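Working notes, beginning with the structure itself.
A, B, ... follow the sequence lines: proteins, then strands. Residue 1 opens every chain. Heavy-atom basis, side chains included; hydrogens, waters and symmetry copies ignored. Not measured: the values here are computed from a predicted model.
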2 protein chains.
Amino acid sequence: MSKNIFIFVKNKNMLSQAEENYLKAIYSLESDLAKAISTNLIAKKMQTKASSVTDMIKKLSDKELVNYKKYQGVQLSEEGKKIAISIVRKHRLWECFLVDKLNFSWDEVHDIAEQLEHIQSETLVDNLDAFLEFPSHDPHGDPIPDKNGYMYKRKKVALSTLNPQDETVLLGVKDSSDAFLKYLNKKNIAIGNTIKVQSIELFDKSMEITINNHLISITNQVAENLMVKELEFKY
Amino acid sequence: MSKNIFIFVKNKNMLSQAEENYLKAIYSLESDLAKAISTNLIAKKMQTKASSVTDMIKKLSDKELVNYKKYQGVQLSEEGKKIAISIVRKHRLWECFLVDKLNFSWDEVHDIAEQLEHIQSETLVDNLDAFLEFPSHDPHGDPIPDKNGYMYKRKKVALSTLNPQDETVLLGVKDSSDAFLKYLNKKNIAIGNTIKVQSIELFDKSMEITINNHLISITNQVAENLMVKELEFKY
DNA sequence: TTTAATTTTTAGACATGTCTAAAAATATTT
DNA sequence: AAATATTTTTAGACATGTCTAAAAATTAAA
């Protein structure tokens with residue numbers, strides 16, 4: 001009986017969507033930068049104003065989800081990081097669901113997963129995970145944290161760092177903007193594809209590559225945003 | 001390019017979760033009562049105060065989703081009804097998904113579906129519908145509107161209206177409270193089960209029924225909340 | 001190292017959705 | 001039909017999350 005009440009009375013510990021989105025943004029910036037994250041950076045990432053960020057940071061700091069000193073930026077606390085990872089987990093699992101089960105393509109799923117990641121139910125996530133047979137990576141090649149927050153971080157390098165004749169596999173993208181994903185879609189480039197570098201143009205660093213035995217030319221900008229399996233060296 | 005902008009700039013026509021919930025509540029009350037719905041009724045249904053309802057009704061009225069005259073209650077407009085039905089459709093499809101694919105039982109899915117029904121994406125709903133192979137009814141026996149809002153309304157009667165020796169099928173429940181569903185779960189009573197009335201006690205109208213060849217006794221209150229296929233008469 | 005530029009924070013405002021308490025309208029009694 | 005009870009609305013307040021404009025702190029430049 002008392003169990004039902006807890007479902008309907010808004011849980012004090014429950015975070016709003018806005019709070020969750022901030023945690024996720026800070027987490028993503030931390031992964032890239034590994035230092036205290038500035039107000040402006042978060043504002044840019046969240047497409048909002050610095051003053052709004054300051055307000056929210058104070059709230060998150062009160063809840064001890066971030067460590068914050070005025071003018072010195074923020075870092076996630078242990079608890080904050082745990083929550084951020086759980087949101088990333090949900091986001092990536094839902095992306096798998098949308099692509100694998102509902103026939104979406106990888107450039108269509110982000111906005112929907114952005115909404116689904118805020119659904120509150122631990123059981124739901126765990127059951128979804130099982131239903132998808134515990135995928136280790138999402139359709140963009142990003143690792144999916146398990147129930148405990150652990151994930152396989154594959155070593156990836158930009159395709160632009162390889163040399164002619166090198167052969168590798170596309171593991172993910174650096175830029176996951178809609179425009180870039182749509183470009184890849186049009187060119188039939190997808191995660192898991194085998195890529196062989198055929199030649200590199202000296203003056204603009206554009207590349208000729210074969211992808212699935214299909215020869216195409218890509219600019220250096222594209223090559224810098226295609227993350228591939230690092231080469232294994234044989235001695 | 002401009003397409004992306006529309007995704008992120010909040011669409012003027014997009015309704016908030018609160019607005020959607022009000023429309024759904026009014027729709028559900030209208031189905032039961034078929035007349036203008038009073039402020040107090042909505043307040044009770046939404047577990048909120050009459051003054052909050054008035055505020056929201058004004059907003060929905062401005063958007064022409066309900067017809068409202070002060071002190072005279074509300075009725076959904078055509079547009080409002082369309083939206084309400086689309087939310088019901090989403091709710092029931094998600095319930096199917098949770099039970100059929102994620103192994104939830106029918107008494108666990110309501111709160112989660114309540115959240116999922118607000119996810120904004122027409123394609124998502126349609127793809128989900130196809131993935132579930134266009135179910136006509138949800139796990140509680142309620143009809144699922146199709147893409148155009150049409151649904152099969154089965155004629156149902158309360159089990160309490162039947163007589164000894166009558167045989168029928170459980171199609172749904174009237175009371176879908178957590179407590180009642182959990183009771184049914186415990187007694188192994190589920191949608192689709194064949195029910196035969198064995199005897200009815202005169203003084204308290206309690207019933208002995210066989211359900212799946214299993215004899216159990218139920219109170220009149222339970223029988224009034226079990227909705228079954230109406231009897232076919234043979235001439 | 002003082003000045004200038006940038007970043008961050010504060011102060012005050014606004015929109016949404018809620019509430020309480022009081023006023024207004026409708027419904028029910030007598 | 002007047003008095004009473006109930007329902008509905010209004011008025012004013014509050015919480016959340018956002019914004020603009022101005023002040024404060026930090027960083028960069030001369």
Dot-bracket for DNA chain D: what is it, with Watson-Crick or G-U pairs under 3.5 Å, [ ] where a pair crosses earlier ones, and | for a pair to another strand? ||||||||||||||||||||||||||||||
Thinking salt bridges, do B:Asp126 and B:Arg89 make one under a 4.0 Å N-O criterion? yes
Expressed as a whole number of angstroms, how long is the span from A:Glu20:CD to D:dT16:P? 16 Å
Expressed as a whole number of angstroms, how long is the span from A:Lys44:NZ to C:dT6:P? 13 Å
For atom CD1 of B:Ile42 and atom P of C:dT18, their distance in whole Å: 12 Å
For B:Gln17 and C:dT18, give me the distance from atom CD to atom C1', rounded to whole Å. 15 Å
Got a salt bridge between B:Glu114 and B:Lys24, using NZ or NE/NH1/NH2 to carboxylate O under 4.0 Å? yes
Rounded to the nearest Å, what distance is computed from the CG atom of residue A:Asp62 to the C1' atom of nucleotide D:dA15? 14 Å
How would nucleotides 5-11 of chain D be written as a contact map, 5' to 3', with B for base contact, S for sugar-phosphate-only contact and - for no contact, using protein heavy atoms under 4.0 Å? --SBBB-
Beyond-backbone contact of B:Val109 with B:His140, side-chain heavy atoms, under 4.5 angstrom: yes
Cation-pi, B:Phe131 ring and B:Lys101 (6.0 angstrom, 45 degrees): yes
Has the side chain of B:Thr39 got a donor or acceptor atom that lies under 3.5 Å from a matching backbone atom of B:Ala50? no
